[in-house]
Amino acid sequence: ANYDLLTRNKKNDYLLAGVIYCVCGRRRTGEGPMHGKHLYYRCTDRVYSHPLPPKCRIKGVNARIADKLVWDGVVNLMTNPKLIEKQAERWIGRKQTRTESSGVSVQHLSVELEKLKKEEARYVKAYGSEVISLEQFQEAMTDLKTRRNTLERQIGVLENEKDAGAMLFTPTKDQIKNMTKGAKIALSTLSFETKQAIIRKVVDTIIADQTTLRIRGYLPIKEKQNVESESESRNSWFTKCGQKYSF
């Protein structure tokens, strides 16, 4: 079995299992000395170095404290009206920016389409004047038809995206307030398994030592029709643990 994914005492719950690492780069796993009285996330370097002395000297992190700090941070991101409003404005702004840039592309493609239509007219005229043969005419028209269909499809796609972008709107403060209020209630009643699933969904990695948790992750955004994960810049935040929470 892969030691990185195991816990030494399966009856203890470790919310951050699988995503928490030591500053040395090794994964941290949960351990419950004294029959689970104290729970820690300890660096696995000592396991990989055995029977030699471990290279990493960073001590364990109190699991109960780390779990609470990270979960509270996730809940805050999901239920803070000001943060949600700010992120919604940024997300919609990016969508609208892409829509506006798509408008320029539509204009450019339309110009190229008109050029193809004029080129088709020239080939028709040349064939009618017997300047080119039937074989040359058919070959040229087949190529032009393929290029024309491609441009028309591209224009159609961009115009549909433009129409969809025009329908976006920023939620009102009352809507955001009601949403975050409901989210806070829902998040307070979740089982451990559901909390852990959320952590693994929104958190990439946690780098931990005795005093600091550095969390890197993102919140996926779901649209009504389409689902996208916005990850242009992954968000990170720091949580102070305090020396007294380590051993």
Side-chain angles (χ1 to χ4, degrees), residues 2-9 12-33 36 38-49 53-91 94 180 183-184 187-188 190 192-222 228-247:
N2 187 340
Y3 183 85
D4 284 348
L5 300 180
L6 298 177
T7 58
R8 296 292 295 275
N9 189 339
N12 297 319
D13 292 329
Y14 298 93
L15 188 65
L16 310 182
V19 297
I20 186 167
Y21 290 78
C22 182
V23 293
C24 75
R26 292 288 192 187
R27 193 185 296 273
R28 286 183 179 273
T29 57
E31 288 192 4
H38 302 291
L39 305 182
Y40 296 95
Y41 291 110
R42 298 190 65 189
C43 180
T44 57
D45 177 69
R46 70 195 185 284
V47 177
Y48 290 102
S49 298
K55 298 177 182 179
C56 179
R57 300 297 180 181
I58 306 298
K59 296 181 178 180
V61 174
N62 187 298
R64 289 192 177 95
I65 298 298
D67 287 355
K68 185 177 188 307
L69 289 173
V70 174
W71 179 250
D72 287 349
V74 170
V75 170
N76 181 57
L77 289 176
M78 293 181 170
T79 61
N80 187 309
K82 292 183 179 179
L83 288 177
I84 296 296
E85 182 178 3
K86 183 178 179 180
Q87 292 301 317
E89 290 175 350
R90 288 178 56 191
W91 181 75
R94 288 199 299 269
T180 54
K184 185 175 294 186
L187 290 169
S188 67
L190 299 180
F192 170 82
E193 289 75 16
T194 303
K195 289 182 179 180
Q196 190 175 66
I198 291 174
I199 289 292
R200 291 177 177 177
K201 180 71 173 178
V202 305
V203 174
D204 286 338
T205 56
I206 300 171
I207 308 299
D209 59 18
Q210 299 103 307
T211 60
T212 305
L213 298 173
R214 185 177 186 274
I215 303 101
R216 182 176 176 84
Y218 76 113
L219 294 178
I221 297 177
K222 291 187 177 182
E228 295 183 2
S229 293
E230 295 293 332
S231 57
E232 291 181 358
S233 60
R234 312 287 275 188
N235 298 317
S236 300
W237 69 90
F238 294 86
T239 301
K240 298 297 182 182
C241 300
Q243 187 71 28
K244 62 182 180 180
Y245 300 140
S246 306
F247 77 102

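We use all heavy atoms of the structure for the numbers below, so side chains are in, but hydrogens, waters and symmetry mates are not.
Within the model, atoms CG of Asn76 and CG of Leu187 stand 11.0 Å from one another, a figure rounded to the nearest 0.5 Å. For the atom pair CD1 (Ile20) and CG (Leu213), the distance works out to 6.0 Å, reported to the nearest 0.5 Å. Put simply, CG on Asp209 and SG on Cys43 are 11.5 Å apart, with the number rounded to the nearest 0.5 Å. For the atom pair Thr205 OG1 and Arg216 CZ, the distance stands at 7.0 Å (nearest 0.5 Å). Going from atom NZ of Lys201 over to atom OG1 of Thr194 covers 14.5 Å, rounded to the nearest 0.5 Å. Between the NZ atom in Lys68 and the CG atom in Asn62 there is a gap of 12.5 Å [rounded to 0.5 Å].
Closest heavy-atom contact between Trp71 and Leu15: CB-CD2, 3.9 Å. Closest approach of Ala66 and Val61 over heavy atoms only: CB-CG1, 4.0 Å. Shown here for Gly18 and Arg27, the closest heavy-atom pair between the two residues is O-NH1, 2.5 Å.
The side-chain heavy atoms of Thr29 and Tyr14, taken from C-beta on, include no pair separated by under 4.5 Å. For the pair Val202 and Leu77, the minimum side-chain heavy-atom distance is 4.5 Å or more. Using a 4.5 Å heavy-atom threshold, the side chains of Met78 and Ile198 count as touching.
Tyr41 contributes a side-chain N or O that, together with a main-chain N or O of Leu16, makes up a donor-acceptor pair within less than 3.5 Å. A side-chain donor-acceptor contact under 3.5 Å links Asp45 to the backbone of Lys55.
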Decide yes or no on side chain to side chain contact (heavy atoms under 4.5 Å, CB included) for Ile215 and Val74, but give the supporting numbers first. CA-CA 10 Å; Ile215 303 101; Val74 170; over 6 Å; no
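Here the options are Ile58, Thr44, Ile207, the test is side chain to side chain contact (heavy atoms under 4.5 Å, CB included), and the partner is Arg28; only Ile58 passes.
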